[in-house]
J.: 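I'd like to ask some things about the structure below.
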Amino acid sequence: MQELFSSAPAAGTRAARVLMDGLNDMVLDYAIPPGMQGVVRGSRVQVPLRSRHTTGTVLQVVEDGRWEGELRPLTRLVNDEPVVSPVLMDIAEWAARYYAVPVEQMIRCIVPEPVRQERHEEKTRKVVVLTEWPDDEKLNKINARAPRQAAVLRYLHAGDTKREPLADLGGSAALPACRSLEKQGYVRIEEETVHRDPAGKEEFALSRPLELNPEQAAALAAINRAVDGQDSRPMLLQGVTGSGKTEVYLQAARRVMDQGKGVLILVPEISLTPQTMARFKSRFADLPGSVAILHSAMSDGERFDEWHAIHRGKARIAIGPRSAVFAPVQNLGLIIVDEEHDPSYKQENSPRYHGRDIAVLRAAKEGATIVLGSATPSLESLQNTRTGKYAMLRMDKRADGQRLPLTRVLDMRSEPKDKRYLGILSERLRMAIDERLAKAEQVILLLNRRGFARTLQCPDCGFKVECPHCSLPMTYHVTENRLICHMCGHRAVVPRCCPECRSTGILLEGYGTQKVEAVLQRCFPQARIKRVDADVTARKGALSAILHDFRARKTDILLGTQMISKGLDFPGVTLVGVLNADLGLCVPDPRAAERTFQLLTQVAGRAGRGDIDGEVIIQTYSPEAGAIQFARRHDTDGFAETELALREQLQYPPFTHLAVLTLRSGQEELAQFSLATLHRRLAAALPPGVEITEPMPAPIAKAHGQFRFQCTIKSPSARTVADICSREIARMNFGEEITVALDIDAYSFM
């Protein structure tokens, strides 16, 4: 961290050490003016910087500092109360060192942009309040000379609250009449704050706690004991899909709320936030405004209002994806990380923190209970239960007594090639869909690849259309009639012939969700089909609308990518089909088998959650793969035992830490040479027991016009790797043409 000390007068000056916004961890010292009260660690302040003013966060207050010259004073305190609590300041500094990033980046995660930017303010509106009701004679006189004033009075008098927004009275056109009535003493015009609620005007009826089965009751009792201080360990709640984990969460949250404490709920996807929000708002409808949500799809105004509602303690339950782990919940008593295994909790760009791990750290620092819930827990969490670091809670039966769905694995290698279905639908899956549609039941189909065709290839010369900026084939999207790169977003016109050999026989190869949708519409013309992928859900509210229609039985077949595989509860679904289950197994990733098993088990759990038993059909070209066979049997314990033994033998996580060091540049030779030089320095500096692979091109060797080279570091200590890599990278002093990325506890190796 770079520290620049402005000189300060004499001894005894009270000063603030300020981390400047957007200046790469630059810290400057400023005098605190005698009349400026409330400047503490975590305060947001405005300061002079050269000829302008900027903002920053106070890292430390020096009560009796000594400087050689004069310190410039703080300009003003941006917020009356500290924006960043001492615990969150500690977490920011810990995470900055652990993940080898500037503290300023972590502060930006804690204080979202709408809160940092002063242009965002609370929204207000004018409200007219009836203070005196005139008698009939006075009202008649008012009506005779000013009918509009009389109309305003009657409207206010007819209301239950005797107060109405000015907009409901006619807006600016009614303002003169209201002003006149205010002078006469009949009304009062007030300004009130309007909370921009992401839920809009949706109302939530109060839901009552459900009766728990023995497994749920035992899990809740264990959580309550932890809340009461009898167990400080993180708790892993392993419950099969449909076992009623959410009801346990709700009742545990009520217990914590009754104690006057706050609750933080983390979900892996934005798509799950509305459903979770609805359940919590319904259960806590007797406490209006107690539930707030935070996620990036909200407007700036909504995020500003929800964040401040949490910060002021008005909303005591905060719900959101990864970034919500930094929500300023007051007097935090309980953290719930739902679907804790999900890789979405790991941020892909800097700062590359893991939301689940930060949540565990925060719970420890705040003395809160943390519950990690999943039907398919991560191997890291399972290993922590084996060593006693985490407590294990289990729910092995569905809450409604229903059986887990029957799962069939179909070997597509022996499936006859039917041109009507283009190798996408097996005959068994097609017949099963027909049967469900005939019974007015619902179907979910999973294909974890969007687009119409994977690529465009010439059968004569083998040429594939690749992105000019990335070393990836481009995907054809039929709705736009364009080739699109899923890495950088580059778009290109579909060529009529092969650019290499000029053959007109160039073909679409492979398939994505768009192509499957077209096949389904041809096979089931009467069915109501909806597709869920990144292309469809880019518009705000689109995903919520699709899921709402599916829940309301307005959709028969829901086709989607992995975003429909977890956490969603649709009682009408009796069939789940997985198309091309091998996709996740064919990537260079130590967690490939684990992710495939989790994805298949999670999506299978969407079936049979109502009164009718469910069925799952998995189409695969690798039926013998362990991840697929364990998923067929819903055998989480068996998969974990086998995979953990393999990981221990290979010394992969959770038995060690993996870091990926990537250098990228627009000049291929420069990137390669720079990584080779850095690699030599690291190899000499890393202690015994730490392994570093040789430099090599990344699996995606070019992305966004940048050539990429990387190496992997395996170490028993992540902190050791972060410290040494940070030091050597700083010594190399790379220029602007080189970008260095260090991913500690990496989840992506592409």
J.: What is the minimum heavy-atom distance between Ala375 and Gln238, and which atoms define it?
T.: O-CG, 4.3 Å
J.: Got a donor-acceptor contact below 3.5 angstrom from the Asp582 side chain to the Ser622 backbone?
T.: yes
J.: List the residues meeting side chain to side chain contact (heavy atoms under 4.5 Å, CB included) with Pro571, not counting sequence neighbours, and say none if there are none.
T.: Asp569
J.: Taking the side chain from Gln216 and the backbone from Glu247, do they hold a donor-acceptor pair closer than 3.5 Å?
T.: no
J.: Applying side-chain contact (heavy atoms from CB on, under 4.5 Å) to Tyr621 and Arg413, what does each step give before you reach the verdict?
T.: CA-CA 6 Å; Tyr621 291 92; Arg413 294 173 299 186; 3.7 Å; yes
J.: Please check: side-chain N/O of Glu643 versus main-chain N/O of Ala593, any donor-acceptor pairing under 3.5 Å?
T.: no
J.: Do you know the tightest heavy-atom contact between Glu340 and Pro377?
T.: OE2-CA, 3.2 Å
J.: With a 3.5 Å distance limit and no angle check, can you tell me whether Thr656 reaches the backbone of Pro653 through a side-chain donor-acceptor pair?
T.: no
J.: Can you name the closest pair of heavy atoms from Ala746 and Arg591 and give their distance?
T.: O-NH1, 2.8 Å
J.: Hey, is Lys346 close enough to Asp743 for a salt bridge, meaning N to O under 4.0 Å?
T.: yes
J.: After noting the C-alpha distance and the side-chain angles of Gln598 and Ser374, does the key distance pass the side-chain contact (heavy atoms from CB on, under 4.5 Å) rule?
T.: CA-CA 10 Å; Gln598 289 166 342; Ser374 176; over 6 Å; no
J.: Is the number of heavy atoms from other residues, nucleotides or ligands within 6.0 Å of CZ (Arg403) greater than 12?
T.: no
J.: Set out, in order, the CA-CA distance, both residues' side-chain angles and the distance that settles side-chain contact (heavy atoms from CB on, under 4.5 Å) for Leu429 and Leu445, then state yes or no.
T.: CA-CA 10 Å; Leu429 180 56; Leu445 296 178; 4.3 Å; yes
J.: Does Ser717 have any side chain to side chain donor-acceptor pair (under 3.5 Å) partners at least two apart in sequence or in another chain, and if so, which?
T.: Thr720
J.: Should the heavy atoms of other residues, nucleotides or ligands under 6.0 Å from CD of Glu624 be counted, would the total exceed 12?
T.: yes
J.: Please examine the side chains of Ser323 and Gln347, heavy atoms only from C-beta on, and report whether any two atoms are closer than 4.5 Å.
T.: no
J.: Answer with yes or no whether the side chains of Gln602 and Glu339 bring together a donor and an acceptor at under 3.5 Å.
T.: yes
J.: Under 4.5 Å between any side-chain heavy atoms of His634 and Pro405, yes or no?
T.: yes
J.: Could you tell me which residues satisfy ring-ring contact (aromatic ring centres under 6.0 Å, His included) with Phe749, sequence neighbours excluded, listed by chain and number?
T.: none
J.: State the OG1-CE distance between Thr620 and Met412, to the nearest 0.5 angstrom.
T.: 9.5 Å
J.: Just so I know, are the side chains of Leu425 and Leu520 near enough to count as touching, which here means a heavy-atom distance under 4.5 Å?
T.: yes
J.: Are any non-hydrogen side-chain atoms of Lys714 and Thr693 less than 4.5 angstrom apart?
T.: no
J.: Applying side chain to side chain contact (heavy atoms under 4.5 Å, CB included), name anything that partners Pro654, two or more places apart in sequence or on another chain.
T.: Leu379, Glu380, Gln383, Leu644, Arg647
J.: Return the minimal non-hydrogen interatomic distance between Ala324 and Ile319, and the atom names on each side.
T.: CB-C, 4.5 Å
J.: For the atom pair CD (Glu441) and CD1 (Ile612), what is the distance rounded to the nearest 0.5 Å?
T.: 4.0 Å
J.: Listed by chain and number, what are the ring-ring contact (aromatic ring centres under 6.0 Å, His included) partners of Phe280, not counting sequence neighbours?
T.: none
J.: Scan side-chain atoms only and decide if His295 and Thr273 contain a donor-acceptor pair under the 3.5 Å cut-off.
T.: no
J.: Among all residues two or more places apart in sequence or in another chain, which pass the side chain to side chain contact (heavy atoms under 4.5 Å, CB included) test with Thr601?
T.: Thr376, Phe597, Ala631
J.: Taking atom types as modelled and ignoring hydrogens, do the side chains of Arg632 and Gln629 form a donor-acceptor contact shorter than 3.5 angstrom?
T.: yes
J.: Could you walk me through whether Ser344 and Glu269 pass side-chain hydrogen bond (donor to acceptor under 3.5 Å, both in side chains), step by step?
T.: CA-CA 7 Å; Ser344 298; Glu269 300 271 2; 3.3 Å; yes
J.: Would you give the length of the straight line joining atom CZ of Arg352 to atom OG of Ser748, rounded to the nearest 0.5 angstrom?
T.: 9.0 Å
J.: Quick check: do Val248 and Leu393 have side-chain heavy atoms less than 4.5 Å from each other?
T.: no
J.: Pairs in or reaching into residues 543-554: which pass salt bridge (Lys or Arg N to Asp or Glu O under 4.0 Å), with residues at least two apart or in two chains?
T.: Lys530-Asp549
J.: With sequence neighbours left out, write down each residue that passes ring-ring contact (aromatic ring centres under 6.0 Å, His included) with Tyr652, or none if nothing qualifies.
T.: none
J.: Over all heavy atoms of both residues, which pair between Thr385 and Ala391 is shortest? Give the atoms and the distance, please.
T.: CG2-O, 4.3 Å
J.: Could you tell me which residues satisfy side chain to side chain donor-acceptor pair (under 3.5 Å) with Asp357, sequence neighbours excluded, listed by chain and number?
T.: none
J.: With a cut-off of 6.0 Å (strictly less than), are more than 12 heavy atoms of other residues, nucleotides or ligands near CD of Glu348?
T.: no
J.: Residues two or more places apart in sequence or in another chain: which of them pass ring-ring contact (aromatic ring centres under 6.0 Å, His included) with Tyr345?
T.: none
J.: If we ignore hydrogens and angles and just use 3.5 Å, is the side chain of Gln651 paired with the main-chain N or O of Glu648 as donor and acceptor?
T.: yes
J.: Quick one, Thr555 and Ile546 - any side-chain contact, counting heavy atoms below 4.5 Å?
T.: no
J.: How would you list, by chain and number, every residue that makes a side chain to side chain contact (heavy atoms under 4.5 Å, CB included) with Gln521, sequence neighbours excluded?
T.: Glu517, Ile529
J.: State whether the side chain of Arg225 and the backbone N or O of Asp231 hold a donor-acceptor pair below 3.5 Å, judged by distance alone.
T.: no
J.: Could you tell me whether the side chain of Tyr99 and the main chain of Asp745 form a donor-acceptor pair under 3.5 Å?
T.: no
J.: Measure the CG-CZ distance between Leu558 and Phe550 for me, rounded to the nearest 0.5 Å.
T.: 5.0 Å
J.: Between Glu215 and Asp396, is there a donor-acceptor pair closer than 3.5 Å when you use the side chain of the first and the backbone of the second?
T.: yes
J.: Would you say Lys397 has more than 12 foreign heavy atoms packed within less than 6.0 Å of its NZ?
T.: no
J.: Does any donor atom in the side chain of His341 or Ser381 lie under 3.5 Å from an acceptor atom in the other side chain?
T.: no
J.: Contact between Thr241 and Arg606 at the side-chain level, heavy atoms closer than 4.5 Å - yes or no?
T.: yes
J.: Within the 4.5 Å heavy-atom criterion, are Val690 and Ile713 side-chain neighbours or not?
T.: yes
J.: Determine the minimum heavy-atom distance between Ala581 and Ile618, stating which atoms define it.
T.: CB-CG2, 3.5 Å
J.: Let me have the donor-acceptor pairs involving side chains of residues 431-440, under 3.5 Å, with sequence neighbours excluded, atom names and distances please.
T.:
{"from": "Asp434", "atom 1": "OD2", "to": "Arg430", "atom 2": "NH1", "distance (Å)": "3.0"}
{"from": "Arg436", "atom 1": "NE", "to": "Thr574", "atom 2": "OG1", "distance (Å)": "3.2"}
{"from": "Arg436", "atom 1": "NH2", "to": "Glu615", "atom 2": "OE1", "distance (Å)": "2.9"}

J.: Walk me through whether Leu599 and Leu446 qualify under side-chain contact (heavy atoms from CB on, under 4.5 Å).
T.: CA-CA 10 Å; Leu599 179 64; Leu446 170 74; 4.0 Å; yes
